[in-house]
Amino acid sequence: MGKSFARTEDGTNDVAALTVWVPSSVRGALVEAGIVPSPYVGTQSRASEWIENRHWSYTTELPADMFDAAAGHRIILTAESLDYAGVVLVDSEEVARFRGSLIPVEFDLTEAIAGGGRDLTIVFTQVPDDLGQIGRTSRIREWKARFNYGWDWTPRIVQLGIAGPIALEARAGAVIDDVRVLPEYDAQAGTGRLRVRVTASEAGQSGTVTITGPGTSAGHTISADGEWHYLNVGSVEAWTVHTAGDRNLYEVTVEIPGDSVTRRVGFRDLRWLTTEGAPASAEPWLLELNGRRIFLAGVNWVPIRPDYADVRIEDYRLRFNAYRDLGVVLLRVWGGAALERAEFYDLADEYGFLVWQELPLSSSGIDNSPPDDPEFAAELAEIARSYARRISHHASLAVWGGGNELTTDSPVITDIEPLDDTHPALAAAKYAFADDDPTRRYVATSPLGPSTWAREDDYGTGVHHDVHGPWEYDKSFEDWKRYWDADDSTLRSEVGMSGASSIDLLERFDMAGPTATPAERAALQQRWSHSSAWWLGEYKRWDGTGTLDEWVAHSQARQAEWLGYAATASRNRFPAVGGFIVWLGHDTFPCAVSLSVLDFEGAIKPVGDALRRAFRG
C-alpha cells in the first residue's frame with residue numbers, strides 16, 4: 001500500500017499525523033520521527049510502553065482508479081498480519097473487525113467504496129495485557145507473539161501495527177483461493193514428482209501447472225477441485241544444505257483463467273532415521289538428506305527485533321551469512337514468536353538451511369500445558385493450516401513442531417514430562433498438517449520423550465531422547481566435561497552457555513560504566529537486569545576486581561570453552577545423537593550477558609570459533 005498516516009485516536013490526538021511506510025510498527029515510526037527514544041539504549045524501552053495504551057490509526061486515500069474498477073470488480077483488502085486487534089473503516093463506515101496477528105485476513109470493501117467511501121483507515125485498539133515468560137500456558141488464548149512481553153533475553157517491547165504485507169486487490173471472475181505444491185524426489189533415479197492441490201473461488205475451474213528450472217521445463221493440466229494431483233516431472237537436480245551440495249530451485253506456476261500463483265520449490269529426499277543405539281521408543285532424530293546423513297548443527301531462531309515489522313532483508317542476510325560461516329544447517333523457529341516473514345523462508349532455500357517451524361505455543365513456568373477445549377484446538381488447527389498454506393512448498397522446511405517446552409505439570413520441575421500428540425490441541429494441529437502437508441513430519445513439542453532434561457543420574461536408562469538444557473552450570477569445567485562425555489541423548493535441541501557482549505557494544509548501548517565502587521556496580525546491574533536475566537550468574541563469578549573489559553573477556557572465553565566442548569562432544573557422538581542446537585542464535589536486544597552466538601548487531605561472538613570447529617569438523 002505504500003505510505004499511510006498514523007495517529008492516535010484517544011481523544012487528545014497527542015501525536016500529530018506522520019507519513020509512514022507499511023508494513024511498519026508504531027514504535028518504529030515514532031522513533032524515526034523523534035517522538036520516543038530508541039528502546040535499545042539502556043532502559044529507554046520503558047519510555048515507550050505507553051504506546052500499548054493508545055488507539056492508533058493508519059489512514060490512506062484510496063487510489064482513484066480503484067473506483068472505476070469497483071463497478072465490475074470486488075475490492076479486497078488483504079493483510080498478512082495486523083498486530084493485534086481493531087477495526088477497518090472506509091471513511092467513517094465500519095467494514096470489519098479483526099483480532100489476532102498470526103493469520104492473514106481479507107476484507108471486502110466493495111460496498112463501502114460504491115457508497116462513496118474514499119479513505120481507508122485501520123484502527124488498532126488493543127493488545128493483550130500480558131503474555132510474558134512467567135505465567136500459565138493453560139490460560140493463554142491470545143494469538144500474538146509472546147516474547148514481546150519480556151523473556152529472559154529481552155525486556156517488554158510490545159509490537160503494534162501493520163506487521164506484514166498489505167494490499168488492495170480488484171478481483172473479477174474466479175480466483176485461486178489456495179495452492180499447495182509439495183515436491184518429492186527419488187534420489188536413486190534422480191527424478192521428481194509434484195503433489196499439487198488447487199482450490200478456486202468458483203467450481204469447475206481447470207488450469208495448467210508449469211515447472212521450470214535446471215534441466216527441466218514441463219507442463220500439466222489439472223482441475224482446481226481441492227484434490228491432490230500427482231505430476232511426474234522427470235529428471236531434476238536435487239536441493240540440499242549448503243554443507244553438502246547445491247541449492248537447485250524450480251518455479252512452479254499454477255494458472256486458471258484470470259489468475260495465477262507461482263511457488264519456488266526444491267526437490268530433495270528427506271528421511272528421519274533412528275539414531276544409533278537409541279531406545280526402541282525414541283523418536284527418530286537422525287536426518288538423511290538425499291541418501292547422506294546430516295548432523296543437525298543448529299541454532300534456535302527468534303525474531304531479529306521485538307518490532308519485527310521493521311526488520312529489513314539486509315538484517316536477515318547478515319545473520320544468515322554468519323550462520324553459514326559457522327557451519328549451521330538447521331534453524332529452529334521457536335514457538336514463543338510467530339511465523340517469520342516470507343523473505344526468511346526464501347533465503348533459507350537459497351542459502352541451504354533446514355527449518356524446524358514451531359506453532360505459536362510455549363511454556364510459562366507455572367504451568368506449561370495449553371488449553372485443551374475444542375474451541376482452542378480448532379483455533380490452533382486453523383493456524384497450522386495457515387502456516388502450511390504459506391510455507392509448505394519451501395525446500396528448507398524440514399519438520400513442524402506443536403510448540404516449545406509444552407509439558408505436564410509437577411511441583412518438582414525435574415519431574416515434568418513433555419506432552420505428546422494425544423493432547424487435544426496438539427492432536428488437532430497434527431491432523432491439520434496431515435491433511436495440508438502430508439509429506440512432512442510433525443512433533444508435538446520439543447523436548448520430546450520421557451524426559452524434559454538430561455540428568456547425569458539418569459544416563460544409561462534410555463529416558464533421554466530430544467532434551468533441553470543445560471543453559472548454565474555451577475560445577476567445575478571438569479564436571480562439565482564428564483557430563484558431556486557420558487551423554488546418551490538422541491537430540492540436543494536446546495543447549496546454552498552465557499557470555500557477555502563486546503565492550504564496544506556495551507558502551508554504545510549504555511550497558512557499560514564504572515565499577516570501582518559497590519554503588520557503581522549496583523547502577524550497572526540495574527541496566528544489565530533490564531536487558532536479560534543471564535547477567536547474575538556471570539556476575540557471581542566476578543569478584544569485582546579488575547576492569548569491566550577484563551570481565552567481558554573472561555565471560556566470553558568461558559562461553560567459548562564450555563559451549564565448544566559440549567558441541568564437540570555431541571558431534572563426536574554422531575550418529576548416536578542427531579544434532580546439537582544452540583540456545584540462542586542471536587540477540588533481539590543489546591544484552592549485557594546472554595546465551596547468544598551472535599550479538600544484537602549480528603556480529604559473531606568469540607564462541608563462534610569453537611562452534612565453527614565443532615560444526616565443520
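Note that these values count all heavy atoms, side chains included, but never hydrogens, waters or copies made by symmetry.
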**Student:** Do Thr137 and Asp367 pair up side chain to side chain, a donor and an acceptor below 3.5 Å, judged on atom types alone?
**Tutor:** no
**Student:** Any side-chain donor-acceptor pair under 3.5 Å between Arg146 and Ser364?
**Tutor:** yes
**Student:** Within the 4.5 Å heavy-atom criterion, are Ile391 and Gln357 side-chain neighbours or not?
**Tutor:** yes
**Student:** Could you state the interatomic distance from OH (Tyr308) to OG (Ser81), rounded to the nearest 0.5 Å?
**Tutor:** 5.5 Å
**Student:** Is there a side-chain contact between Arg156 and Ser45, using heavy atoms and a 4.5 Å cut-off?
**Tutor:** no
**Student:** Is the count of non-hydrogen atoms from other residues, nucleotides or ligands lying under 6.0 Å from Arg139 atom CZ greater than 12?
**Tutor:** no
**Student:** Please examine the side chains of Pro279 and His465, heavy atoms only from C-beta on, and report whether any two atoms are closer than 4.5 Å.
**Tutor:** yes
**Student:** Can you check ring pair (Phe, Tyr, Trp, His ring centres under 6.0 Å) on Tyr40 and Phe509, steps first, answer last?
**Tutor:** CA-CA 7 Å; Tyr40 304 120; Phe509 290 95; 7.7 Å; no
**Student:** Verify whether one side chain among Asp83 and Gln159 offers a donor that lies under 3.5 Å from an acceptor in the other.
**Tutor:** yes
**Student:** Centre-to-centre under 6.0 Å for Trp471 and Trp453, is that the case here?
**Tutor:** yes
**Student:** For Tyr431, is the OH atom crowded, meaning more than 12 foreign heavy atoms sit under 6.0 Å from it?
**Tutor:** no
**Student:** Would you check if there is a donor-acceptor pair between the side chains of Asn368 and Arg136 at a distance under 3.5 Å?
**Tutor:** no
**Student:** Any donor-acceptor pair under 3.5 Å linking the side-chain atoms of Ser138 with those of Ser369?
**Tutor:** no
**Student:** Of Asp487, Asp488, Thr490, Thr568, which is the lone residue that meets side-chain hydrogen bond (donor to acceptor under 3.5 Å, both in side chains) with Arg573?
**Tutor:** Asp487
**Student:** Return the set of residues passing ring pair (Phe, Tyr, Trp, His ring centres under 6.0 Å) with Tyr459 (not counting sequence neighbours), or none when no residue passes.
**Tutor:** His464, Tyr483
**Student:** Give a yes-or-no answer on whether the side chains of Glu405 and Ser362 include a donor-acceptor pair shorter than 3.5 Å.
**Tutor:** no
**Student:** If only side-chain N and O atoms count, and only distance matters, is there a donor-acceptor pair under 3.5 Å linking Asp479 with Ser476?
**Tutor:** yes
**Student:** For a quick check under 3.5 Å, do Glu379 and Trp143 share a side-chain donor-acceptor pair by atom type?
**Tutor:** yes
**Student:** With ring centroids as reference points, do Trp334 and Trp153 lie under 6.0 angstrom apart?
**Tutor:** yes
**Student:** Using distance alone, with no hydrogens and no angle criterion, decide if Asp485 and Tyr565 have a side-chain donor and acceptor under 3.5 Å apart.
**Tutor:** yes
**Student:** Please evaluate residues Phe353 and Trp301 with respect to the criterion ring pair (Phe, Tyr, Trp, His ring centres under 6.0 Å), reporting the C-alpha separation (whole Å), side-chain torsions for both, the decisive distance (0.1 Å), and the verdict.
**Tutor:** CA-CA 12 Å; Phe353 291 114; Trp301 179 280; 8.7 Å; no
**Student:** Looking at side-chain heavy atoms only, is the closest gap between Val577 and Thr275 below 4.5 Å?
**Tutor:** no
**Student:** State plainly whether the residues Glu340 and Arg390 are in salt-bridge range, i.e. N to O under 4.0 Å.
**Tutor:** no
**Student:** Walk me through it: do Phe124 and Tyr84 pass the test ring pair (Phe, Tyr, Trp, His ring centres under 6.0 Å)?
**Tutor:** CA-CA 7 Å; Phe124 292 89; Tyr84 165 76; 9.8 Å; no
**Student:** Identify whether the distance between the nearest side-chain nitrogen and carboxylate oxygen of Arg612 and Asp325 falls below 4.0 Å.
**Tutor:** yes
**Student:** Ring centroids only, cut at 6.0 angstrom: are Phe344 and Phe320 within range, meaning strictly under it?
**Tutor:** yes
**Student:** Could you walk me through whether Trp272 and Trp285 pass the ring pair (Phe, Tyr, Trp, His ring centres under 6.0 Å) test, one step at a time?
**Tutor:** CA-CA 6 Å; Trp272 294 98; Trp285 284 115; 5.6 Å; yes
**Student:** Check the side chains of Asp152 and Gln133 for a donor-acceptor pair under 3.5 angstrom, ignoring hydrogens and angles.
**Tutor:** yes
**Student:** Please tell me if the side chains of Val329 and His242 come closer than 4.5 Å, counting only heavy atoms from C-beta onward.
**Tutor:** yes
**Student:** Taking atom types as modelled, is there a side-chain donor on Ser570 or Arg492 under 3.5 Å from an acceptor on the other?
**Tutor:** no
**Student:** Would you mind telling me which of Thr407, Thr408, Val463, Thr445 makes a side chain to side chain contact (heavy atoms under 4.5 Å, CB included) with Thr452?
**Tutor:** Thr407
**Student:** Mind checking side-chain hydrogen bond (donor to acceptor under 3.5 Å, both in side chains) for Ser596 and listing every partner two or more places apart, or none if nothing turns up?
**Tutor:** Asp587, Ser594, Lys605
**Student:** Would you call Arg271 and Asp269 a salt bridge, taking side-chain N to carboxylate O under 4.0 Å as the test?
**Tutor:** yes
